[in-house]
*Asks:* 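Sending over a structure as C-alpha cells; questions will come in a sec.
In what follows, chains carry the letters A, B, and so on, assigned in the order in which the sequence lines appear, proteins first and then strands, with residues in each chain numbered from 1.
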Amino acid sequence: MRDRPDDDELMAAVARGEGTAFATLLERHLERVRAIAWRMLGSADAADDVAQDVFLRIWTRPQTYDPARGRFAAWLSRVAANACIDRLRRNEPGQLDDAAEEWLADPAPDPERRTMQAETAARVRAAIAALPERQRLAVVLSHDLGHTNIEIARIMDTTVEAVESLLGRARRRLKTELRGELAAGLKDEEP
Amino acid sequence: MSGNRKLAEFRELLDRCGSRPEDWPAEKREKMLRFCMENPQARALLAEARALDTLLRATEVPPAAPDLAARLLRRAADIDRENGQVPPVVSAAAATPAANDNRPVMRWLASGWLAASLLVGIWLGFSDRFIVPSTLFDGNTTVAEADGDTLTELLGIVSSDEEGGETL
C-alpha cells in the first residue's frame, strides 16, 4: 500500500480484514462523522455513540460501500446521517431538548481556538438546532462538511432541486434568526 | 429583466446555492457575477450571504472523548473475537489479499503463523487486556507515522502489568 492510500484503497484493505487500514480510516474521518452527529443530535456523547456505530458498520460490513456509486466521504456522510435520523426517529424525542444545556455550553476548551464570542456561537448553534430535521441535515452537509448540492442530494436520497429548496428555506430562516449577529459581522467587515 | 426581478433572482440564488460562485449553476454564474459588480444592492446581498456562511462555519464541534478511537478499535477486535475470528489486531498481519470474500476461513487456513495468532486471540479473550500506546490518536501522531505496519504493532498486545500502560 502506498504511503497515503486513498479511501477506496483503505476500504478494500478493510474488506480483507486489515486493521491498520481501519485505523487509518478512523483517524481520517472520525471528526466528519462526529460533526454530523453533533449538529443533528446536539450532544457530544450522542455524537461519539453514532461515530462508534458508523465505524463498526464499516468494519463489519465494508462490502456495503460501492466506489462506483460515489466517493467514500459522501457515502460515509450518508451512513452517518441515516444513523442520526434513526436515533431521532426512535427517539429519543427530547434528545435535542435534553441537550439544550450542551448546545449552549461553550464547546471549545481552548480559548485561543475560539473563532467567535461564546454567546454568538451559542445562538448560532441554537438556530441550527431549531431547524427542521432535513433542513438541518442539508445545512450541516453543506456548511460543515462542504458537500456540493449534488452530493447532498445523493446523501439525502433526493433531487438537487429539493436540496436547494431545503437550503433556501434554512438560510432564510437562519438570516432572520441571526440578523443581529449578521449585522455585527457585516459591520466588522466595513472598511 | 428589471433590476428588482434580477435582484430577487440573485437573492434566491444565494439562498439556494450559498455565497460561493463555484457552487452556483454554471449557466448563471457569469451573468450573476456581472450583475453583482454593477449593483450595490446585489453586493450587499452577497456580503450578507458570506457573513451567514462565516457564522455557520465558525462554531466548533466539541472534541471527541479522548479514548473514543481506542474504544472503537477495541470494540472492532471484540466483534471479530465474538464471531470466532482472529482479532483484527492480530489478523491484520496475517490477512492475505485473496481473503477478500471469505476472510475468516482463509485466516484459519492460511499458515502456522495464523495458528499462533489464534492462540494469542484466545488468550486475549480471557485476558481482555490491550494496551494502546499513548501516542495513538493523541492528535500529534498519525497512524502512518506510528511504528509498525499492523494494528498488532500499533496497539501492542501486552499486559498492562508488563508495560504499565493504560488498560482498556
*Asks:* Please check if V160(A) and V140(A) belong to a single hydrophobic cluster, counting links between Ile, Leu, Val, Met, Phe, Trp and Tyr side chain heavy atoms closer than 4.5 Å.
*Replies:* no
*Asks:* Can you hop from L174(A) to L14(B) via hydrophobic side chains spaced under 4.5 Å?
*Replies:* no
*Asks:* I need the minimum non-hydrogen distance between K175(A) and L52(B), along with the two atoms involved.
*Replies:* CG-CD2, 3.8 Å
*Asks:* Should we say atom CD of E30(B) is surrounded by more than 12 heavy atoms from elsewhere, each under 6.0 Å from it?
*Replies:* no
*Asks:* For L72(B) and A51(A), work out which heavy atoms get closest and say how close.
*Replies:* CD1-O, 4.1 Å
*Asks:* Which atoms of A35(A) are under 4.5 Å from chain B, going by heavy atoms: the side chain, the backbone, both sets, or neither?
*Replies:* both
*Asks:* Given a strict heavy-atom distance threshold of 4.5 Å, which part of E31(A) is in contact with chain B: side chain, backbone, both, or neither?
*Replies:* side chain
*Asks:* If I compare all heavy atoms of V124(A) with all of L56(B), which pair ends up nearest, and what's the gap?
*Replies:* CG1-CD2, 4.1 Å
*Asks:* Is it the case that over 12 heavy atoms from other parts of the model lie below 6.0 angstrom from the CG atom of L33(B)?
*Replies:* yes
*Asks:* What closest approach, in Å, do C17(B) and E164(A) show between heavy atoms, and which atom pair accounts for it?
*Replies:* SG-OE2, 3.7 Å
*Asks:* Shortest non-hydrogen contact from Q52(A) to R71(B)?
*Replies:* OE1-NH1, 4.1 Å
*Asks:* If you compare all heavy atoms of A76(B) against all heavy atoms of F22(A), which two are closest, and at what distance to 0.1 Å?
*Replies:* CB-CE2, 3.9 Å
*Asks:* Which bit of D23(B) comes within less than 4.5 Å of chain A, counting heavy atoms only: side chain, backbone, both or neither?
*Replies:* neither
*Asks:* Between D15(B) and R172(A), does any side-chain N to carboxylate O distance fall below 4.0 Å?
*Replies:* yes
*Asks:* Examine L45(B) and L55(B) and state if one hydrophobic cluster contains both, with Ile, Leu, Val, Met, Phe, Trp and Tyr joined whenever side-chain heavy atoms are less than 4.5 Å apart.
*Replies:* no
*Asks:* Pick one of side chain, backbone, both or neither for L182(A), based on which atoms fall under 4.5 Å of a heavy atom in chain B.
*Replies:* both
*Asks:* Inspect the surroundings of CD in Q63(A) and state if more than 12 heavy atoms from other residues, nucleotides or ligands are less than 6.0 Å away.
*Replies:* yes
*Asks:* In terms of hydrophobic clusters joined by side-chain contacts under 4.5 Å, are L166(A) and L88(A) together?
*Replies:* yes
*Asks:* Of the backbone (N, CA, C, O) and the side chain (C-beta and beyond), which part of E12(B) lies under 4.5 Å from a heavy atom of chain A, both, or neither?
*Replies:* side chain
*Asks:* Sub-3.5 Å donor-acceptor pair from the side chain of R34(A) to the main-chain atoms of P62(B), do we have one?
*Replies:* yes
*Asks:* When hydrophobic residues are tied together by side-chain contacts of less than 4.5 Å, even through go-betweens, does V79(A) share a cluster with L68(B)?
*Replies:* yes
*Asks:* Less than 4.5 Å to any heavy atom of chain A: does that hold for the side chain of L13(B), its backbone, both, or neither?
*Replies:* neither
*Asks:* So, taking the atom named CZ in R16(B) and the one named CD in E161(A), what distance separates them when rounded to the nearest 0.5 Å?
*Replies:* 7.5 Å
*Asks:* Give, as side chain, backbone, both or neither, the part of D48(A) having an atom under 4.5 angstrom from any heavy atom of chain B.
*Replies:* both
